[in-house]
Amino acid sequence: MSQTAAQNQRAMAADTGFDVELRKVFKVYDGEAAVRGVDLSIRRGEFFSILGPSGCGKTTTLRLIAGFETPSAGEVLIQQQLMTQVPPYRRPVNTVFQSYALFGHLTVRENIAFGLRLKKRGRAEIEDRVKEALKLVKMEAFANRFPAQLSGGQQQRVALARALVNRPAVVLLDEPLGALDLKLRKEMQVELSNLHRELGLTFVMVTHDQEEALSLSDRIAVMNQGRVEQIDTPSQIYEQPLTAFVADFIGDTNLFSGKIEGAHPAMLWVTTDRGLKLKVKPPELGNTPSSGSVVVSIRPEKIQVSLSPPGEQVNGFEGRLVNVMYLGTHVHYLVELESGDRLTVMQPNAINLPDSDTSIYVHWAFDDCIAIPT
């Protein structure tokens, strides 16, 4: 075997299939850790979101990948190459910022071409690639306009085109739709998803918008106080949260603190702090706990309501309807149980809504709620 063939074979064997890897990464500012031992492995071609509240460390994590920040400890790798000594402009990544960061004195065409000119590409190549990028984001008709002459959505398209024209291995998206109104944000979510599917590039997005992350991502990392609490698919993050924080942060949920009174591989018996007796689905990962404290999570849409006793239900309780909110596609109920606990219930649109202060029953199946060890 030739030396080149042997090198290629070793390179293929070393190729992990990950475009971005963070290994035990810390970032400390003035003695305070913004990122605490983060481990991430982002697959090639994946749409990966880093989700969390303000101040959780998600933007710092993205800046560490981009090279705008240097880790206090740990390693950042892009396409199996250690990035410690590699400046931002030499990394195979491009960033799309929430503020767009377009040059106001340059036209759309010139903004998109800017990075290629810095790399001293030939005039013909620049023209071809800019034309291709404009077509990709459907901005051909606006090529000679200035950013101030564009809407927010159009400016966002130009920012995307400027990132994509350099053909990076990884596109970093920092709250890319945060400055848009709700309707335009929905439209741009579809466009982002289509672009990702068409290009096959690795997208890494930072967002605090749970719905955005759930709708766009192949996988999500949920961060809290500088740490990653869970990495999983959107459906697993929503249906099988591993911590009370993830359950509470992703979508709406009802949380009860309690203690395990009995256990079976398929079911736990939990008594809440206020005395509710619940039958609950155990956590999917790890061994089923047989004792100890847990938090029980029940999503509002899993709960059924009725004006009469539901019969032999696994989890059924009487309560009082405190509030009814009609929201068009669905109805939001607030129910106070006899124990004093309050439940949020979400049901499809109903024509005949019960009045507030009505006696009402709620019930749900044991496998529609999950116990989360504390």
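All heavy atoms count here, side chains included; hydrogens, waters and symmetry mates do not.
For the pair Lys24 and Phe26, the NZ or CZ position fails the cation-pi test of under 6.0 Å to the six-membered ring centre and within 45 degrees of the ring normal.
Other residues sharing a hydrophobic cluster with Val190 under the 4.5 Å side-chain heavy-atom criterion for ILVMFWY residues do not exist; the residue is a singleton.
Salt bridge absent: Arg185 and Glu187 never bring a charged side-chain N and a carboxylate O closer than 4.0 Å. Comment: Arg157 engages Glu191 in a salt bridge, judged by a side-chain N to carboxylate O separation of less than 4.0 angstrom. Residues Lys27 and Glu32 are not paired through a salt bridge, judged by the lack of any N-O separation under 4.0 Å between the basic side chain and the carboxylate. Salt bridge annotation for Lys302-Glu239: present, with a cationic side-chain nitrogen under 4.0 angstrom from a carboxylate oxygen. Ion pairing between Arg109 and Glu127 holds under the 4.0 Å rule for side-chain N and carboxylate O.
Applying the side-chain contact (heavy atoms from CB on, under 4.5 Å) test to Phe103 and every residue at least two apart in sequence or in another chain returns His105, Leu106, Asn111, Phe114, Arg162.
When only modelled atom types and interatomic distance are considered, Glu46 and Thr202 share no side-chain donor-acceptor pair under 3.5 Å. Under the 3.5 Å distance criterion, with hydrogens and angles disregarded, a donor-acceptor pair is assigned to the side chains of Ser339 and Asp341.
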Item to check | Phe366 and Trp269: CA distance, side-chain angles, deciding distance, ring-ring contact (aromatic ring centres under 6.0 Å, His included) verdict | outcome: CA-CA 10 Å; Phe366 87 91; Trp269 287 262; 9.1 Å; no

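Closest heavy-atom contact between Glu261 and Thr271: CG-OG1, 3.1 Å. Scanning all heavy atoms of the two residues, the minimum distance from Leu172 to Ala66 falls at CD1-CB, 3.5 Å.
With values rounded to the nearest 0.5 angstrom, Leu173 atom CG is found 8.5 Å from Thr95 atom OG1.
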